[in-house]
Amino acid sequence: QVQLVESGGGSVRSGGSLRLSCRSSGSIISTETMSWHRQIPGKERELVASLATRGHTIYSDSVKGRFTVSGDIDKGTIDLQMYDLKADDTGRYYCNADGKYYHNGPRKFNAWGLGTQVTVAA
């Protein structure tokens, strides 16, 4: 299987910063996209930012200008630098990746990490 592990979450004051990191492992042949999602209490899980091969990025309007995604898709790593955090950013942040891995031949995968908690004081 493909595994993703997130790190970097924590509690910060409003206006503070955090940097989240995610690293994948497993019998990965290639990774096509990696992304960060978050689960806000009482709301559906939503895309925060994504990074695809050749550096293409997508950001949620709510974080654009404050968050920056970076990483090395070929190595299965992705980071999320978060500035000017707000109370509304509070939630659990999950790393996602999709691509191909080996299991009796090449197969597609879509994997999720267990998440890392981000809490921002109001």
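The first residue of the sequence shown is numbered 1, and numbering continues consecutively from there. What you see is a predicted model, and the numbers here were worked out from it, not measured in a lab.
The cluster map of Ile, Leu, Val, Met, Phe, Trp and Tyr, joined by side-chain heavy atoms under 4.5 Å apart, puts Phe67 and Val12 in the same cluster.
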Quiz: residues 94-108 side-chain donor-acceptor pairs under 3.5 angstrom, not counting sequence neighbours:
from, atom 1, to, atom 2, distance (Å)
Asn96, ND2, Asn110, OD1, 2.8
Asn96, ND2, Ala111, O, 3.0
Asp98, OD1, Thr33, OG1, 3.4
Asp98, OD2, Thr33, OG1, 2.0
Arg107, NE, His103, O, 2.7

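Between the side chains of Arg92 and Gln39, no donor-acceptor pair is found at a separation under 3.5 Å. Between the side chains of Thr77 and Asp72, no donor-acceptor pair is found at a separation under 3.5 Å. In the model, Arg66 has no side-chain atom that pairs as donor or acceptor with a side-chain atom of Tyr83 under 3.5 Å.
Considering every non-hydrogen atom in both Ser14 and Ala121, the closest pair reads CB-O, 3.4 Å. Taking every heavy atom of both residues into account, Ala49 and Val69 meet most closely at CB-CB, 4.0 Å. Of all non-hydrogen atoms in Glu46 and Ile40, the two that sit nearest each other are OE2-CG1, 4.0 Å.
The structure places CG of Leu51 at 11.5 Å from SG of Cys22, a figure rounded to the nearest 0.5 Å. Summarising the geometry, atom CG belonging to Leu85 is positioned 8.5 Å from atom OG1 belonging to Thr90; distances are rounded to the nearest 0.5 Å. One finds the NZ atom of Lys64 at 8.0 Å from the OG1 atom of Thr57 (value rounded to the nearest 0.5 Å). Atoms CD1 and OG1, from Ile73 and Thr31 in turn, are 6.5 Å apart once rounded to the nearest 0.5 Å. Here CG of Leu80 is found 6.5 Å from CH2 of Trp36. Values are rounded to the nearest 0.5 Å. Residue Arg19 holds its CZ atom at 11.0 Å from OG of Ser17, rounded to the nearest 0.5 Å.
Side chain of Ser50 to main chain of Ser35: no donor-acceptor pair is present (N/O by atom type, distance under 3.5 Å, no hydrogens or angles). No side-chain donor-acceptor contact under 3.5 Å links Tyr93 to the backbone of Val48. Put simply, the side chain of Glu32 never gets that close to the backbone of Thr53: no donor and acceptor are under 3.5 Å apart. Put simply, the side chain of Ser24 gets close to the backbone of Gly76: a donor and an acceptor are under 3.5 Å apart. Counting only distance, with no hydrogens or angles, the side chain of Arg38 and the backbone of Val118 share no donor-acceptor pair below 3.5 Å.
Here the options are Thr68, Leu18, Val63, the test is side-chain contact (heavy atoms from CB on, under 4.5 Å), and the partner is Met82; only Leu18 passes.
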Verdict with supporting geometry, Arg13 and Val120, side chain to side chain contact (heavy atoms under 4.5 Å, CB included): CA-CA 5 Å; Arg13 65 185 186 279; Val120 185; over 6 Å; no
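Environment of CZ in Arg23: sparse, with no more than 12 heavy atoms of neighbouring residues, nucleotides or ligands closer than 6.0 Å.
Residues Leu47 and Tyr59 fail the side-chain proximity criterion, which asks for heavy atoms closer than 4.5 Å.
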